[in-house]
Amino acid sequence: MVTRFAPSPTGYLHIGGARTALFNWLYARGRGGKFLLRIEDTDRERSTPEATAAILRGLAWLGLDWDGEAVSQFAGRARHAEVARQMLASGTAYKCFATQDEIEAFRAAARAAGTSTLFQSPWRDADPASHPDAPYVIRLRAPREGATVIEDAVQGTVTFRNDQLDDMVCLRSDATPTYMLAVVVDDHDMGVTHIIRGDDHLTNAARQVQVYQAMGWPVPVFAHIPLIHGPDGKKLSKRHGAVGLEEYQAMGFCAAGMRNYLTRLGWSHGDDELFDDAQAREWFDLSGIGRAPARLDFKKLENVSGYHIAKAADAELLPEIEAYLEAAGRPALREAQREGLMRALPCTKERAKTIPELLDKAHFVLAARPLVPDQKAAAGLDLVSRGILAELTPQLQNASWVRDELEAIVAAVAEAHGLGLGKIAGPLRAALAGRTVTPSVFDMMLVLGREETLARLGDQAA
RNA sequence: GGCCCGUUCGUCUAUCGGUUAGGACACCAGGUUUUCAACCUGGGAAGAGGGGUUCGACUCCCCUACGGGCUGCCA
């Protein structure tokens with residue numbers, strides 16, 4: 001079995017497109033099939049190489065790999081034209097010499113008369129001998145009786161009356177193929193067996209089936225999935241905020257979390273919410289896809305992202321963090337910071353929903369001495385607190401650097417002053433991290449090590 | 001306008017004629033706690049509306065409302 005993702009390179013990779021790609025990828029990868037990528041660049045006006053690059057970057061970040069090279073649809077235009085000629089020869093298509101003006105006049109008249117605006121070409125049954133020497137388009141000779149039926153894996157059986165479908169243009173007057181023709185030819189030639197795409201193509205599917213039938217080609221399995229809507233239930237657009245996949249990377253969601261969230265958006269497998277790629281590949285199927293459009297919920301995305309960050313192996317998280325830094329336009333990690341971060345990951349990743357949040361928790365290991373405490377931290381470092389820190393320092397000097405002993409020492413000092421651990425943890429936190437919100441003070445000491453810990457305490461002690 | 005698709009807690013969803021309509025996120029209350037987070041316990045929260053079919057409908061059919069898509073020599 002073969003699936004494909006076929007985006008138009010006219011902008012960024014839309015979050016909805018990303019999910020479509022993900023579904024196709026999951027379906028193919030879970031069944032030992034192939035997942036192909038085709039760039040639908042037949043619209044020369046709007047297609048740009050930058051957009052293609054953005055799509056490739058987005059897929060790479062999401063972790064979706066495709067088989068073979070990405071195919072340019074425009075490159076296959078000669079083949080598409082050839083098929084149009086074949087249909088002409090077999091009589092399943094015809095030359096139409098109607099001009100744009102004539103078509104517009106037809107539609108205007110139809111609108112005024114309240115009849116169907118579907119264009120009915122007078123050339124459909126014209127004698128070839130009467131053909132003028134003028135530009136023409138090649139139109140499909142679509143059946144006028146009966147109905148065209150789509151057996152859709154998501155939408156079920158969808159029936160279109162043929163009198164609702166007009167003779168669509170397959171080859172334009174400049175001899176370039178239209179999208180409707182090109183998709184069908186490419187999908188057939190590429191051996192695509194399952195077309196999973198947005199349901200904005202459901203109506204198009206009927207016209208495309210007519211082309212398959214005209215060519216006598218086997219019709220693939222269609223699965224038209226509902227679009228993703230904004231939080232207000234309206235079609236997702238820029239006014240809702242992030243629509244481009246890369247924006248999600250820049251916001252710091254982890255790729256695994258994004259995959260999990262997007263997979264679960266509009267598809268379900270019982271009550272399973274959190275899963276890894278292997279499970280997703282095993283579970284994913286067309287019958288689990290819902291029929292109603294889904295809305296984006298950033299809170300849930302955060303939750304899922306946090307789950308996967310906590311679960312990720314440190315060695316895999318580090319490159320992802322560095323990729324985030326680059327995507328967000330933030331400075332790269334210095335070598336010392338990279339090493340420190342690796343040590344700090346175990347005590348920070350479990351508390352972060354996103355990568356920027358993780359970096360914030362890891363600030364203590366990213367910052368270099370002498371630390372400049374922020375306002376709140378500075379407020380906690382009063383004279384009394386500094387005195388206690390000064391008292392604590394020599395005791396830590398000779399301690400064996402293990403959690404139990406560090407806890408015991410700090411607790412003893414606190415008790416000597418008639419204080420709870422909470423009272424002394426504050427100033428410690430301020431001295432060690434320069435902040436009031438940090439990982440556990442003992443975790444920080446262990447990550448920082450004896451030397452750095454004592455140095456930082458010394459910086460702040462009275 | 002015509003054709004097509006959709007509609008279960010705020011959100012994502014389970015249910016495939018018989019359930020006190022379940023789970024997750026979010027929210028609220030309490031607990032735990034060295035901060036934040038995490039975690040634990042509890043709570044409120046749904047079948048768009050109206051007709052049928054049936055012993056019995058969230059589930060099947062029809063109508064209405066609302067949302068979406070298509071209706072291009074765009075994709």
Side-chain angles (χ1 to χ4, degrees), chain A residues 6-10 40-43 45-47 73 96 98-100 103 107 110-111 114-119 135-139 150 152 154-156 158-161 163-166 168-174 176-180 182-183 198-207 224 226-227 229 231 233-235 261 264-274 287 290-304 306 310 348 350-353 357 360-361 376 380 407 410-411 414 420-426 428-430 433 435-442:
Chain A
S8 313
T10 54
E40 311 238 306
D41 52 356
T42 53
D43 185 338
E45 302 286 303
R46 297 196 297 151
S47 300
Q73 184 161 66
C96 171
T99 64
Q100 302 273 24
I103 295 172
R107 293 205 174 106
R111 258 192 298 277
T115 57
S116 171
T117 57
L118 293 178
F119 181 61
Y136 61 87
V137 299
I138 294 182
R139 286 185 186 271
I150 309 293
D152 194 277
V154 173
Q155 307 290 343
V158 185
T159 304
F160 296 88
R161 272 170 34 210
D163 60 15
Q164 295 295 332
L165 270 13
D166 61 5
M168 66 175 182
V169 173
C170 293
L171 205 67
R172 302 189 185 99
S173 52
D174 63 359
T176 60
T178 59
Y179 158 79
M180 288 291 185
V183 247
D199 71 4
D200 49 336
H201 286 288
L202 183 57
T203 327
N204 292 336
R207 315 176 104 88
H224 288 94
L227 270 21
H229 284 181
K234 302 284 187 187
K235 190 182 173 187
Y261 175 75
R264 190 61 184 60
L265 190 63
W267 171 85
S268 61
H269 183 263
D271 284 338
D272 297 307
E273 298 281 350
L274 300 166
S287 61
R291 276 185 289 274
R295 306 180 193 198
L296 283 175
D297 180 351
F298 280 83
K299 289 289 190 184
K300 186 140 188 173
L301 209 206
E302 280 182 1
N303 180 273
V304 176
T348 50
E350 282 167 16
R351 33 209 324 143
K353 294 185 173 70
E357 209 178 307
D360 194 56
K361 306 273 186 202
K376 281 183 183 170
E407 279 187 31
V410 174
L421 186 55
K423 292 292 178 192
I424 201 168
L428 254 176
R429 213 182 299 282
R435 303 228 177 145
T436 53
V437 176
T438 73
S440 148
V441 292
F442 303 110

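Only a predicted model underlies this, so the values are computations on that prediction, with no experimental measurement involved. Residue numbers start from 1 in every chain, and the chains themselves are labelled A, B, ... in the order their sequence lines are given, proteins ahead of strands.
- Contact record, A/S47 with A/D41: OG-CA, 3.4 Å, taken as the closest heavy-atom pair.
- The nearest heavy atom of RNA chain B to A/Y179 and to A/E350 marks one nucleotide each, and the one closer to the 5' end goes with A/E350.
- Distance A/R207 CZ to B/rC70 P: 12 Å, rounded to the nearest Å.
- At a threshold of 4.0 angstrom between heavy atoms, the contacts of A/T176 with the nucleic acid are absent.
- Checking B/rU11, B/rU71, B/rG72 against every side-chain atom of A/R295, the shortest atom distance belongs to B/rU11.
- The distance between atom CZ of A/F442 and atom P of B/rU33, rounded to the nearest whole Å, is 15 Å.
- The pair A/E350-A/K361 does not meet the salt-bridge criterion, since no charged nitrogen lies less than 4.0 angstrom from a carboxylate oxygen.
- Between A/N204 and A/Q155, it is A/Q155 whose nearest contact on RNA chain B lies nearer the 5' terminus.
- Residues A/T117 and A/R107 bring no donor and acceptor atom of their side chains to less than 3.5 Å of each other.
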Under 3.5 Å, N/O pairs linking protein and nucleotides 39-47 of chain B:
none

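- Distances were taken from every side-chain heavy atom of A/S268 (C-beta onward) to each of B/rU71, B/rA14, B/rC73; the shortest belongs to B/rA14.
- Annotation: side chain to side chain donor-acceptor pair (under 3.5 Å) contacts of A/R139 (sequence neighbours excluded): none.
- Partners of A/T10 under the side chain to side chain contact (heavy atoms under 4.5 Å, CB included) rule, at least two apart in sequence or in another chain, are A/S8, A/R46.
- Taking every side-chain heavy atom of A/D43 into account, B/rC74 is the closest of B/rG69, B/rC74, B/rU71.
- Pairing for B/rG1 goes to B/rU71, judged as Watson-Crick or G-U wobble with the two contacts each under 3.5 Å.
- Every residue meeting the ring-ring contact (aromatic ring centres under 6.0 Å, His included) condition with A/F119, not counting sequence neighbours, appears here in chain and number order: A/F106.
- Checking B/rC73, B/rG6, B/rC74 against the side-chain heavy atoms of A/P293 singles out B/rG6 as nearest.
- Candidate nucleotides B/rG6, B/rC73, B/rC36 were compared by shortest atom distance to the side chain of A/K361, and B/rC36 ranks first.
- For A/R429, whose side chain is taken as the heavy atoms from C-beta onward, the closest listed nucleotide among B/rC73, B/rU34, B/rG6 is B/rU34.
- Using a 4.0 Å heavy-atom distance criterion, A/V169 is classed as a sugar-phosphate-only contact.
- Summarising the base pairing, B/rC16 is matched to no nucleotide, lacking a Watson-Crick or G-U wobble pair whose two defining distances lie under 3.5 Å.
- The base of B/rU34 sits within donor-acceptor range of the side chain of A/S440, with an N or O pair under 3.5 Å.
- Of the candidate nucleotides B/rC12, B/rU34, B/rG1, B/rC12 has the atom nearest to the side chain of A/A294.
- Residue A/R46 places a side-chain atom within donor-acceptor reach of the base of B/rC74, judged by atom type and a 3.5 Å distance cut-off alone.
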Polar pairs (N or O, both sides) under 3.5 Å between protein and nucleotides 24-29 of chain B?
{"unit_1": "B/rA24", "atom_1": "N3", "unit_2": "A/K300", "atom_2": "NZ", "d": "2.9"}
{"unit_1": "B/rC25", "atom_1": "O3'", "unit_2": "A/N303", "atom_2": "ND2", "d": "3.4"}
{"unit_1": "B/rC25", "atom_1": "O2'", "unit_2": "A/K300", "atom_2": "N", "d": "3.3"}

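- Between the P atom of B/rC70 and the NE2 atom of A/H201 lies a distance of 8 Å, rounded to the nearest Å.
- Judged by Watson-Crick or G-U wobble contacts below 3.5 Å, the nucleotide B/rU32 has no partner.
- Distance CE (A/M180) to C1' (B/rG72): 9 Å, rounded to an integer number of Å.
- As rounded to whole Å, 10 Å separates atom P of B/rC36 from atom NZ of A/K376.
- The side chain of A/D166 sits closest to B/rG72 out of B/rG72, B/rC73, B/rG68.
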Measure all distances between protein nitrogen or oxygen atoms and nitrogen or oxygen atoms of nucleotides 2-4 of chain B, and list the pairs falling under 3.5 Å.
{"unit_1": "B/rG2", "atom_1": "O2'", "unit_2": "A/Q164", "atom_2": "OE1", "d": "3.1"}
{"unit_1": "B/rC3", "atom_1": "O4'", "unit_2": "A/Q164", "atom_2": "OE1", "d": "3.4"}

